[in-house]
Q: 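Take this structure first; my questions come after.
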Amino acid sequence: MAELTPGSRWASQVCTTEVIVVRSPGDDVDLECGGSTMVPPGEGGPNGSPDATASEGSQLGKRYVDDDDTLEILCTKPGEGSLGVGGTLLGLKEAKPLPASD
Amino acid sequence: MMLLEMAAGGFADRVAVGTRDDGLTFAELFERSGAIAGRLRSVDAGHLVLADVSSEALPALLFGASWAGIPFVPLNYRLADAELRTLASRASPALAVAEPGAAGRLDGIDGVETVDRAVLWAELAAAASADHDWSFDGEDVALLLFTSGTTGDPKAAVLRQRHLISYILGSVEFGSAGEEEAALVSVPPYHVAGIAAVLSNAFAGRRLLQLPTFEPGAWIDLVRDEGVTSAMVVPTMLARIVEHLDAEGPSSPGLPTLRALSYGGGRMPQPVVERALELLHDTRFVNAYGLTETSSTVALLGPDEHRAAVASDDPAVRRRLASAGRPLPGIEVSIRDEVGAEAPVGATGDIWLRGGQVSGEYRGQGSRLTDDGWFPTNDGGWLDDEGYLFVTGRIDDVIVKGGQNISPGEIEGVLLRHPAVADAAAIGLPDHEWGERIVVAVATHAGAEASAEELCTLVRRELRSNRTPDHVEFVDDLPYGDTGKLLRRVLREQLAHLGDA
């Protein structure tokens, strides 16, 4: 469990997935990839392979949110594991781009 | 760097910057950035200074500095040598990249090694990339931008990695641009919008085209030749583009590829927007409001809101064409009075902003943010009942006549609606009786005429009588800075003789 501050980065222990936190509820959250807790980049893994229940993969540049829409993370490196929180997989967020201003 | 790494991972073979035929791909941009980082590390540079126009090297220089973990410091290359050298010395120790042929301008500054951009660029093509070991610390300073203060030395606004990342993640979808899209940037690198354009277009996967010296004919040619799909301009540029398109007459081919046009960076005369909307009926218009200290855009008026405003009979909706739109999702806006209390809807006060992209920090002076993260912008404005933000101008520009605060913007807005008026500015000059008197400088269109009386009557009718100008001075043109900002200070000096001594 760790507090996910916006801007913090996390890496999968079982695949190449890396993410950055965009929005966070502020509480401690057990962020997972491929069924295993994510860790700061460079601190463990990747070893082994994603759990079969969490092996749909993560996609580069996609945003993932929890059911309450309080947590939003952005995939900065794709991998084979699916992203989840406390055993529940995160959903893909529908992109609603703002008009380009620069 | 995270942004570029993602872009290079997501669309390596797309052109990142330059023409369709011989531009630099994202993979090549990544390589060049690494080569620049290697060069910066080899000389232990503390900053990467740029005294140069926009060029194909700009994105690689910006990302290369970030890769090496040092601030990127783009300077206004139009400054006189002495001023340019003073600013460069404030960024020492540094590697300074100069416009081709102009490296001598920065020679002999203690701690600053200067290199000609063309020479550097040629060397980099063959240079090895630095290790992939860039820092991800959000507190690292990404950018130092000198802002033009009205008095004293320019302040260096500090933008950290976390501010820029917050801005990009809050406003751009990764890879959202189609392969055919291209963005034309004609603001210089020392303007925050020039830097934001590099970052947001790279993250979107959109090809970047640059016009180092703005000229309306060249801008229009580039849009047509390169199939430009989006562009950002400052108000004076849009006015000149509109004039140029108008001069092409009914046989003008228009700008059919241009899907989106954003403008910002100063006050926009309403007739110019209205004419632009008519001429470019298929283009989606965006008005963006932002400051250097807020990592560029904080509020925007979107395309549908533009069309809705123009089409509406409701004056409250129609006037939104003159607004900065609504804040970005990650930005909070608060209008405060002189003592810092929240002002009611519709009341004018100081614009305060809060959000992850808001820095409000100046080098050597610390942060101007309050303990709970609010930044007083020093811009005046108000919000309407649906949250549209109207920016009335710098608080320092407010005219105080007989104890009444008068915003120059509202007087100018009325004058600019007169068909003979090409440009107008209202300033306050010393007045023994009233404290300040209202003096307006008006430039008329060629061949058009308006009398001072007529203009005063117009203002009196549209606004309250205490807004009526005390003096109308007809001028050939108004003084502008090179990023399109009206230089009120210069105008006040030019017209000083119209005030009491």
Side-chain angles (χ1 to χ4, degrees), chain A residues 2-12 15-26 31 33 38-44 46 57-65 68-81 83 90-102, chain B residues 2-3 5-7 9-11 136 138 161-162 165-166 169-177 181 183 185 187 192-201 203-206 229-232 259-260 262-264 284-290 296-297 299-304 325 328-330 356:
Chain A
E3 195 191 330
L4 302 183
T5 51
S8 64
R9 295 169 57 252
W10 303 91
S12 172
C15 71
T16 52
T17 300
E18 286 188 16
V19 301
I20 185 169
V21 178
V22 179
R23 268 185 307 130
S24 147
L31 184 63
C33 180
M38 296 189 83
V39 295
E43 295 184 16
S58 61
Q59 295 175 52
L60 178 66
K62 295 291 184 193
R63 294 166 193 254
Y64 293 85
V65 288
D68 306 334
D69 198 22
T70 54
L71 173 70
E72 178 177 333
I73 59 177
L74 175 84
C75 174
T76 58
K77 276 186 191 167
E80 290 170 0
L83 295 159
L90 295 176
L92 257 185
K93 188 188 178 191
E94 194 96 0
K96 272 182 267 164
L98 292 164
S101 61
D102 45 39
Chain B
M2 184 191 88
L3 305 176
E5 189 190 22
M6 289 177 68
F11 19 84
F136 281 98
Q161 294 285 354
R162 63 184 164 90
I165 296 271
S166 173
L169 300 191
S171 62
V172 188
E173 279 307 312
F174 179 74
S176 54
E181 291 189 30
V185 178
V187 287
V192 68
I195 299 296
V198 172
L199 299 175
S200 51
N201 287 304
F203 197 63
R206 194 179 293 110
T229 54
S230 64
M232 190 265 162
R259 298 176 200 168
S262 85
Y263 60 90
R284 295 164 63 79
F285 282 76
V286 174
N287 177 16
Y289 164 68
S296 194
T297 307
L300 53 84
L301 184 75
D304 300 337
L328 298 188

Q: Give, as side chain, backbone, both or neither, the part of Val187(B) having an atom under 4.5 angstrom from any heavy atom of chain A.
A: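 For Val187(B), there is no contact with chain A at all, as no heavy atom is under 4.5 Å.
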Q: Pick one of side chain, backbone, both or neither for Phe203(B), based on which atoms fall under 4.5 Å of a heavy atom in chain A.
A: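 Side chain of Phe203(B) only, per the 4.5 Å heavy-atom cut-off to chain A.
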Q: For the CE atom of Met2(B) and the CD atom of Glu18(A), what is their distance to the nearest 0.5 Å?
A: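 Met2(B) CE to Glu18(A) CD: 10.5 Å, rounded to 0.5 Å.
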Q: Under 6.0 Å from the CD atom of Glu80(A), do we count more than 12 heavy atoms belonging to anything else shown?
A: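 Incorrect, the count does not exceed 12.
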Q: Quick check for you: among Ser171(B), Gly264(B), Ala7(B), which has the greatest number of heavy-atom pairs under 4.5 Å with chain A?
A: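 Of the candidates given, the most pairs with chain A belong to Ser171(B).
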Q: Among Ala100(A), Gly7(A), Pro41(A), which residue forms the greatest number of heavy-atom pairs with chain B at distances under 4.5 Å?
A: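 Result: the option with the highest number of such pairs is Ala100(A).
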Q: So for Ala196(B), is it side chain, backbone, both, or neither that comes closer than 4.5 Å to the heavy atoms of chain A?
A: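 It is both, since atoms from each part get that close.
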Q: For chain A, find which of Arg206(B), Gln161(B), Arg162(B), Glu5(B) contributes the most heavy-atom pairs closer than 4.5 angstrom.
A: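 Top option by heavy-atom pairs under 4.5 Å: Glu5(B).
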Q: Testing the basics here: between Gly9(B) and Leu60(A), what is the closest heavy-atom pair and its distance to 0.1 Å?
A: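 Where Gly9(B) meets Leu60(A) most closely, the heavy atoms are C-CD2, 3.7 Å.
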Q: Mark yes when over 12 heavy atoms from residues, nucleotides or ligands other than Lys62(A) sit less than 6.0 Å from its NZ; otherwise mark no.
A: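 Not buried by this count: 12 neighbours or fewer within 6.0 Å.
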Q: Heavy-atom distance under 4.5 Å to chain B: side chain of Lys77(A), backbone, both or neither?
A: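 It is the side chain, since no backbone atom gets that close.
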Q: As an exercise, state the distance from CG of Leu3(B) to OG1 of Thr76(A), rounded to the nearest 0.5 Å.
A: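 Result: 10.0 Å between the selected atoms.
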Q: State the CD1-CD1 distance between Ile20(A) and Ile165(B), to the nearest 0.5 angstrom.
A: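 Rounded to the nearest 0.5 Å, the CD1-CD1 separation comes to 5.5 Å.
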Q: For Leu98(A) and Gly170(B), work out which heavy atoms get closest and say how close.
A: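 Scanning both residues, the minimum pair turns out to be CD1-O, 3.9 Å.
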Q: What heavy-atom pair brings Pro99(A) and Pro303(B) nearest, and what distance separates the two atoms?
A: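 What the structure gives for the nearest pair is CG-CD, 3.8 Å.
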Q: What part of Arg23(A) is in contact with chain B, defined as an atom under 4.5 angstrom from a non-hydrogen atom: side chain, backbone, both or neither?
A: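 For Arg23(A), neither part sits under 4.5 Å from chain B.
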Q: Measure Asn201(B) against the heavy atoms of chain A and call it side chain, backbone, both or neither at under 4.5 Å.
A: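 Just the side chain, heavy atoms under 4.5 Å.
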